[in-house]
Asker: 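My questions will all concern the structure given below.
In the text below, chain A, chain B and the rest are named by the order of the sequence lines, each starting its count at 1.
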Amino acid sequence: MDKVYNHKDVEEKIYKEWEEKDFFTPEVNPKGKPYSIILPPPNANAPLHFGHAMYVIEDILIRFKRMQGFRALWLPGADHAGFETQFVFEKKLQLEGKSRFDYDREELYKMIWDFVQSNRPVMENQLRRLGFSLDWSRKKFTLDEDIVKIVYKTFKKLFDDGLVYREKRLVNYCTYDGTSFSDLEVVYLEKEAKLYFIKYPIVGEKDKFIKVATTRPETMLGDTAIAVNPKDTRYKKLLGKKVSVPLTGGREIEIISDETVDMEFGTGAVKVTPAHDFNDYEIGQKHNLDYIPVIGFGGKMTDAALRFSGLYVKEARREVVKDLGELQLLGKTTDIKHTVPTCYKCKNPIEPLLMYQWFVKMEPLAGRAIEAVKSGKIKVYPKTMEKLYFQFLENIHDWNISRQIVWGIRVPAFKCEKCGEWEVTSGEVREKCGKCSGKMNQDEDVFDTWFSSGQWPFAVLRASQPGDFKEFYPTTVMETGYDILRWWVARMVMLGIYETKKVPFETIVLHGLVNDPLGKKMSKSKGNVVNPLELLDTYGADAVRFALVYGTALGNDQSLSYPKLQAMRNFTNKLWNMARFIDMNRIQNSKLKTQNNLTMQQLNNLAINENDKEMIEKTAELTKEVTRLLEKYDFNHAAQNLYDFIWHEFADVYIEDVKNRIDEQSFIILNSLFLILLKLLHPFMPFVTEEIYKLLGGEGDLIVSKWPVKNA
RNA sequence: GAGCCCGUGGCUCAGCGGUAGAGCGUUCGGUUCACAUCCGAAAGGUCGAUGGUUCAAAUCCAUCCGGGCUCACCA
């Protein structure tokens, strides 16, 4: 054996061997009970970041269960990541001096498809480098034909059940990216703004005004009421009176009362623009107001904005303020801080705009999802995360699932040109209207990516291999970062229960984020992103894996620590040298048998020396403890126990002791105990343990060896 | 505005009701042994602050301070 463990020589070789021997499929344990985890499908188009390396937790579970004899399935996939990917692709086009408008829908889709396919192996190979024992024979993509079909079916079912509807409503729209979003994709940023006080002349009463305060004067062109609080005595006598909206050529609106108006803010009177503000939209619904859209989808003022038509919102604001000043209708302006809805991707302001979109009615779905966790049908680790889950589901709004992009699953809905009738299908194309035989056109929009990934567990198991769904659904564990609990996990629960009548997974395990060494969130814009591959090169996959679970409680964020990585790398080397010691003794004492792989029971029968007996007992205890900790998803302590015991008890004390009294019997015990420790450590450090196991003459392959049991 | 998490030796973090723990770092000693060393030992903490509950609190409760995250329609 080499003097020093060299992970580079070992990892690739071993992974290939495992893959060639088909150890990653559940079929290695044909008779075991099913145990399944679906890998959260990474974006097919993007290289992995450090968060993905945390999926090592899933590999630990799968290897553990595989060794215990379960039919352990860990199913890999890739996500088309609709808007994310189209955004990246458009950036690329931009660099080439092009834009999405230079291509028709089909061309653009094809280009993105090729782009994604060419990048996809990068991500998949990184998963291999991490040592993940994923069943590649079952890998799926969210745009695979069979998956798409399932997504269509769910949509149709939701529609038929009245849980999907198409309506013209105010939605979050990014005029830069040209698409609408769900609530979750809107980020509220605190910004400095000007609060303008504007006078609206009261009709028929000369020189009388009502003053309102607003940060968005340009939207006044679409005002359809002024609202005050019914309790506000200041305005009681003005209720029902008309005012004329400045700059609109005398358009008249009414002063109404609504209890949502905050008397303390501004003047206590608020302008109501139902077509461009969520609050105002609500008020508009209640009071049956008109909707006058003055901002268009391109971010420019519409014709309804009269002479401001064609101006961008910002310009329009400036002009409106200027004109109001000239008309003596502008009061004071003050500086305030307020939160502005912005696009999570491009950071430009989100405009609430009125449009027809497909919505999923969430309340009934959310209720069942809440119930699933409250009743214990789904367990959450760590338990504190339940709060996040409930918080989201208890305050949920209907989900806008339409996106105005091409990269994704196109909505299978067709509209008749003639009679306007909509028909939703399970993917079949409708050319003729069933009612009037008019020509039908498919909706241009695609689904929100999360609508398809929200169906992933049942979709992927129905599509992977015949029998998989029956065998492996519900899956055992869903493990992912807590940051996508709402985006993804909660939606999987809702859609899973809806479509299959069963929870999609029995347990949710959530890990924390990996921050940079200074504790800051890694992000491209900050330039502090650490490429996991570099660390794999430097420290080896085993060390990186171990460092990620060691010393951090489940669900807590951690900062990348180079000293820790180094310590873990040293640990792999320590293991290697323990093996070298054992190996050298075998060679030097050729009469020593290579008999090993004895069970605890056999070792107990063999041992005479007190120290040997004690070590057997301690190893048995460790086995019990590590097993117990893994069962309760306490990877941190399982890892710490292994580390401490192997280094500071087994190596520092026991090996030092055996050194001075080595004989046939003690060698067999030493060797066997070490192999047991390798088994316990294997889920965490699969490469070095497998390599050593084989060098020391372990039977077969460690990855499929039997998990040690205390009393066997 | 509301909620959540974190604040433990120089650094990174475990512990979360029963005499303060680990890794890294530091200091001293030993060894070249299977070990890019490794082994042994030591120094170093009134567990953010203040009150309370308890026989007993880093651990439970309250308030406050500091750091982070999330949610929310403040015009």
Side-chain angles (χ1 to χ4, degrees), chain A residues 1-6 170 172 183-184 186-188 193 195-198 212-217 219-220 223 226-227 258 260-262 264-273 276-283 336-341 352 382 384-388 390-392 394-395 397 482-483 485-486 512-513 515 517-521 546-547 550-585 588 634 636-637 639-641 643-644 647-648 651-653 655-656 658-660 674:
Chain A
M1 288 173 73
D2 292 340
K3 220 175 153 183
V4 166
Y5 173 60
N6 189 342
L170 213 48
N172 304 297
D183 294 344
L184 291 184
V186 179
V187 180
Y188 289 87
L195 186 67
Y196 301 91
F197 288 77
I198 302 171
V212 303
T214 181
T215 54
R216 301 208 59 185
T219 63
M220 71 187 299
D223 284 355
I226 300 284
D258 193 284
T260 61
V261 177
D262 180 359
E264 309 294 317
F265 188 90
T267 62
V270 61
K271 61 193 264 329
V272 182
T273 322
H276 293 293
D277 182 283
F278 284 99
N279 259 329
D280 296 0
Y281 181 81
E282 294 287 318
I283 296 178
I336 59 160
K337 269 190 181 174
H338 74 154
T339 50
V340 183
T384 50
M385 297 287 182
E386 283 182 2
K387 283 181 195 153
L388 273 177
F390 291 134
Q391 189 182 27
F392 172 58
E394 280 162 6
N395 302 302
H397 299 122
Y482 68 78
D483 54 328
L485 182 67
R486 293 171 302 132
L513 277 33
N515 293 322
L518 299 172
K520 300 277 176 229
K521 196 168 175 174
F546 211 74
Y550 182 100
T552 306
L554 184 68
N556 279 13
D557 294 350
Q558 63 177 308
S559 304
L560 201 63
S561 159
Y562 290 101
K564 187 156 127 189
L565 283 163
Q566 200 170 340
M568 296 312 151
R569 194 268 319 271
N570 287 350
F571 183 47
T572 57
N573 197 49
K574 183 75 184 177
L575 292 167
W576 182 257
N577 278 293
M578 290 162 74
R580 268 186 82 203
F581 172 77
I582 295 172
D583 189 48
M584 281 169 85
N585 276 292
Q588 280 165 16
D634 190 345
N636 169 32
H637 287 106
Q640 289 210 20
N641 276 313
Y643 180 93
D644 290 344
W647 198 320
H648 300 302
D652 291 353
V653 180
I655 291 185
E656 291 302 322
V658 173
K659 225 182 228 177
N660 304 316
F674 189 54

Asker: What does Phe265(A) touch in the nucleic acid at a heavy-atom separation under 4.0 angstrom: a base, only the sugar-phosphate, or nothing?
Answerer: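 Base, at least one base atom sits under 4.0 Å.
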Asker: Which class fits the ring pair Tyr643(A) and Phe571(A): parallel under 30°, tilted 30 to 60°, perpendicular over 60°?
Answerer: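 Aromatic pair Tyr643(A)/Phe571(A) classed tilted.
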Asker: Taking the minimum atom-to-atom distance to the side chain of Val4(A), which one of A36(B), G15(B), C38(B) wins?
Answerer: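 The answer is A36(B).
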Asker: Could you tell me how far C55(B) sits from G1(B) if I compare only their P atoms? Round to whole Å.
Answerer: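 Here G1(B) and C55(B) have their P atoms 40 Å from each other.
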Asker: Give Asp262(A) one of three labels, base, sugar-phosphate or nothing, depending on what nucleic acid heavy atoms sit under 4.0 Å from its own.
Answerer: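 Counting heavy atoms under 4.0 Å across all strands, the contact made by Asp262(A) includes a base.
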Asker: Is the shortest side-chain N/O distance from Trp576(A) to OP1 or OP2 of A36(B) below 4.0 Å?
Answerer: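 Checking Trp576(A) against A36(B): no side-chain N or O falls below 4.0 Å of OP1 or OP2.
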Asker: Calculate the interatomic distance between Phe571(A) atom CZ and C24(B) atom C1'; express it in whole Å.
Answerer: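 So the CZ-C1' distance, Phe571(A) to C24(B), works out to 16 Å.
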Asker: Determine the contact category for Thr339(A): base if any of its heavy atoms lies under 4.0 Å from a base atom, sugar-phosphate if only primed atoms, P, OP1 or OP2 are that close, otherwise nothing.
Answerer: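 Thr339(A): base contact, heavy atoms under 4.0 Å.
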Asker: What pattern of brackets, bars and dots sums up RNA chain B from 5' to 3', given Watson-Crick or G-U wobble pairs under 3.5 Å, [ ] for crossing pairs and | for another strand?
Answerer: ((((((((.[[[[.)..(..]]]].(((((.......))))).....[[[[[..)....]]]]])))))))....
Asker: Only counting residues at least two apart or in another chain, list the ones meeting side chain to side chain contact (heavy atoms under 4.5 Å, CB included) with Gln566(A).
Answerer: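 Residues passing side chain to side chain contact (heavy atoms under 4.5 Å, CB included) with Gln566(A): Tyr539(A), Arg569(A).
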Asker: Need one value for Tyr5(A): base, sugar-phosphate or nothing, where a base atom within 4.0 Å counts as base even if backbone is also close, heavy atoms only.
Answerer: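 Since a base atom lies under 4.0 Å of Tyr5(A), the category is base.
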Asker: I'd like to check the side chain to side chain contact (heavy atoms under 4.5 Å, CB included) partners of Lys387(A); sequence neighbours left out, ordered by chain and number.
Answerer: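 Counting only residues at least two positions away or on another chain, Lys387(A) forms no side chain to side chain contact (heavy atoms under 4.5 Å, CB included).
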Asker: Could you tell me how far A49(B) sits from G7(B) if I compare only their P atoms? Round to whole Å.
Answerer: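 Nearest-Å result for G7(B) against A49(B) at atom P: 13 Å.
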Asker: Between Met584(A) and Met1(A), is any pair of side-chain heavy atoms under 4.5 Å apart?
Answerer: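 No, too far: nothing below the 4.5 Å cut-off.
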Asker: Using modelled atom types only, decide if a donor and an acceptor are shared between the side chain of Asp557(A) and the backbone of Leu513(A) within a distance under 3.5 Å.
Answerer: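 Yes: the side chain of Asp557(A) pairs with the backbone of Leu513(A).
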Asker: Trp647(A) versus Asn570(A): any side-chain heavy-atom pair under 4.5 Å?
Answerer: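 They are in contact (side-chain heavy atoms under 4.5 Å apart), so the answer is yes.
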Asker: Could you tell me how far apart Ile655(A) (CD1) and C39(B) (P) are, to the nearest whole angstrom?
Answerer: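 About 11 Å, once rounded to whole Å.
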Asker: Please give the distance between the C1' atoms of G66(B) and C24(B) as a whole number of Å.
Answerer: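 Roughly 26 Å separates the two C1' atoms.
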Asker: Residues two or more places apart in sequence or in another chain: which of them pass salt bridge (Lys or Arg N to Asp or Glu O under 4.0 Å) with Glu264(A)?
Answerer: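 With sequence neighbours excluded, Glu264(A) shows a salt bridge (Lys or Arg N to Asp or Glu O under 4.0 Å) to no residue whatsoever.
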Asker: Of the nucleotides A36(B), A14(B), C74(B), which has the atom closest to the Tyr188(A) side chain?
Answerer: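 Side chain of Tyr188(A) sits closest to C74(B).
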Asker: So Lys659(A), base contact, sugar-phosphate only, or nothing? Heavy-atom distance under 4.0 Å.
Answerer: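 Result for Lys659(A) = base.
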Asker: Starting at CG of Asn577(A) and ending at P of A34(B), how long is that distance when rounded to a whole Å?
Answerer: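 To the nearest whole Å, that distance equals 10 Å.
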Asker: Taking only the side-chain heavy atoms of Asn570(A) (C-beta and beyond), determine which of C39(B), C24(B), C38(B) contains the nearest atom.
Answerer: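 Nearest to the side chain of Asn570(A) among the choices is C38(B).
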Asker: For nucleotides C69(B) and A62(B), find the distance between their P atoms and express it as a whole number of Å.
Answerer: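 Each nucleotide's P atom is 25 Å from the other's.
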Asker: With nearest nucleotides of RNA chain B determined for Val261(A) and Met568(A) from heavy-atom distances, which residue corresponds to the more 5′ nucleotide?
Answerer: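 The residue closer to the strand's 5' end, by nearest nucleotide, is Met568(A).
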Asker: What is the separation between atom CD1 on Ile582(A) and atom P on C33(B), rounded to the nearest whole Å?
Answerer: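 These atoms are roughly 19 Å apart.
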Asker: At under 4.0 Å between heavy atoms, what does Tyr550(A) touch on the DNA or RNA strands: base, sugar-phosphate, or nothing?
Answerer: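 Since only primed, P, OP1 and OP2 atoms lie under 4.0 Å of Tyr550(A), the category is sugar-phosphate.
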Asker: If I take atom OH in residue Tyr562(A) and atom P in nucleotide C24(B), what distance separates them, rounded to the nearest angstrom?
Answerer: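 One finds 19 Å between P of C24(B) and OH of Tyr562(A), rounded.
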Asker: Between Leu485(A) and Phe392(A), does the side-chain contact (heavy atoms from CB on, under 4.5 Å) criterion hold? Intermediate values first, please.
Answerer: CA-CA 9 Å; Leu485(A) 182 67; Phe392(A) 172 58; over 6 Å; no
Asker: Which nucleotide sits closest to the side chain of Trp647(A): A34(B), C38(B), A14(B)?
Answerer: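 Output: C38(B).
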Asker: Please name all residues satisfying salt bridge (Lys or Arg N to Asp or Glu O under 4.0 Å) with Asp223(A), sequence neighbours left out, ordered by chain then number.
Answerer: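 Scan of Asp223(A) (salt bridge (Lys or Arg N to Asp or Glu O under 4.0 Å), adjacent residues dropped) gives Lys271(A).
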Asker: What nucleotide among A75(B), A34(B), C38(B) has an atom nearest to a side-chain atom of Ala651(A)?
Answerer: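 Of all the options, the side chain of Ala651(A) is nearest to A34(B).
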Asker: Tell me, please, which residues at least two apart from His338(A) pass side chain to side chain contact (heavy atoms under 4.5 Å, CB included).
Answerer: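 His338(A) satisfies side chain to side chain contact (heavy atoms under 4.5 Å, CB included) with Ala193(A), Thr215(A), Ile336(A), Val340(A) once adjacent residues are dropped.
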Asker: Output yes when at least one side-chain N/O atom of Asn573(A) is less than 4.0 Å from OP1 or OP2 of C38(B), else no.
Answerer: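 No, Asn573(A) has no side-chain N/O under 4.0 Å of OP1/OP2 on C38(B).
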Asker: Taking any heavy-atom pair under 4.0 Å as a contact, classify Glu656(A): base, sugar-phosphate, or nothing.
Answerer: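 Touches a base.
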Asker: Of the nucleotides C38(B), C5(B), A14(B), which one has an atom closest to the side chain of Asp652(A)?
Answerer: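 So the nucleotide nearest the side chain must be C38(B).
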Asker: Within the structure shown, what part of the strands sits under 4.0 Å from Leu195(A) by heavy-atom distance: base, sugar-phosphate, or nothing?
Answerer: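 Result for Leu195(A) = nothing.
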Asker: What distance, rounded to whole Å, do you find between the two C1' atoms, one in G9(B) and one in C47(B)?
Answerer: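 Comparing C1' positions in G9(B) and C47(B) gives a spacing of 10 Å.
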Asker: Encode nucleotides 7-12 of chain B as B, S and - characters from 5' to 3', where the letter depends on protein heavy atoms closer than 4.0 Å: B to the base, S only to sugar-phosphate, - to neither.
Answerer: ------
Asker: Rounded to the nearest Å, what distance is computed from the CG atom of residue Asp483(A) to the P atom of nucleotide C5(B)?
Answerer: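 The answer, rounded to whole Å, is 17 Å.
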Asker: Using side chain to side chain contact (heavy atoms under 4.5 Å, CB included) as the criterion, list what pairs up with Gln640(A), not counting sequence neighbours.
Answerer: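 For Gln640(A), the residues satisfying side chain to side chain contact (heavy atoms under 4.5 Å, CB included) (neighbours in sequence not counted) are Tyr550(A), Asn636(A).
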Asker: Using the side-chain heavy atoms of Pro563(A), tell me which of these nucleotides is nearest: C24(B), A75(B), A14(B).
Answerer: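 Within the option list, the nearest is C24(B).
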Asker: According to ring pair (Phe, Tyr, Trp, His ring centres under 6.0 Å), who are the partners of Tyr5(A), at least two apart in sequence or on a separate chain?
Answerer: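 Listed in chain order: Trp576(A).
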Asker: Expressed as a whole number of Å, how far does the C1' atom of G15(B) sit from that of G45(B)?
Answerer: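 Approximately 14 Å lies between the C1' atom of G15(B) and that of G45(B).
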Asker: Please state how far atom CZ in Arg569(A) lies from atom C1' in G23(B), giving the value in whole angstrom units.
Answerer: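 Going from CZ in Arg569(A) over to C1' in G23(B) covers 15 Å.
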Asker: Listed by chain and number, what are the salt bridge (Lys or Arg N to Asp or Glu O under 4.0 Å) partners of Glu282(A), not counting sequence neighbours?
Answerer: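 If we apply the salt bridge (Lys or Arg N to Asp or Glu O under 4.0 Å) test to Glu282(A), skipping adjacent residues, there are no hits.
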Asker: Got a list of protein N/O to nucleotides 65-70 of chain B N/O distances below 3.5 Å?
Answerer:
unit_1, atom_1, unit_2, atom_2, d
U70(B), O3', Arg486(A), NH2, 3.2

Asker: When the P atoms of G48(B) and U59(B) are compared, how many Å lie between them, rounded to an integer?
Answerer: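 Straight-line distance between the two P atoms is 8 Å.
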Asker: Do Ser561(A) side-chain atoms and Lys564(A) backbone N/O form a donor-acceptor pair below 3.5 Å?
Answerer: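 Yes, Ser561(A) side chain to Lys564(A) backbone: donor-acceptor pair under 3.5 Å.
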Asker: If I pick the C1' atom on G17(B) and the same atom on C60(B), what distance separates them, to the nearest angstrom?
Answerer: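 Per the computed distance, 8 Å lies between those C1' atoms.
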Asker: How do Asp280(A) and Asn395(A) order along RNA chain B: which one's closest nucleotide is nearer the 5' end?
Answerer: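 The residue closer to the strand's 5' end, by nearest nucleotide, is Asn395(A).
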Asker: Return the set of residues passing salt bridge (Lys or Arg N to Asp or Glu O under 4.0 Å) with Lys659(A) (not counting sequence neighbours), or none when no residue passes.
Answerer: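 With neighbours one apart ignored, the set is Glu656(A).
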Asker: Leu565(A) CG to C13(B) C1': how many Å, rounded?
Answerer: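 Interatomic distance, CG of Leu565(A) to C1' of C13(B): 14 Å.
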Asker: Which part of the nucleic acid does Ala213(A) contact within heavy-atom distance under 4.0 Å: base, sugar-phosphate only, or nothing?
Answerer: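 Base contact - Ala213(A) has a heavy atom under 4.0 Å of at least one base atom.
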Asker: With a cut-off of less than 4.0 Å, is there a side-chain N or O of His338(A) near OP1 or OP2 of A75(B)?
Answerer: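 Answer is yes, contact under 4.0 Å.
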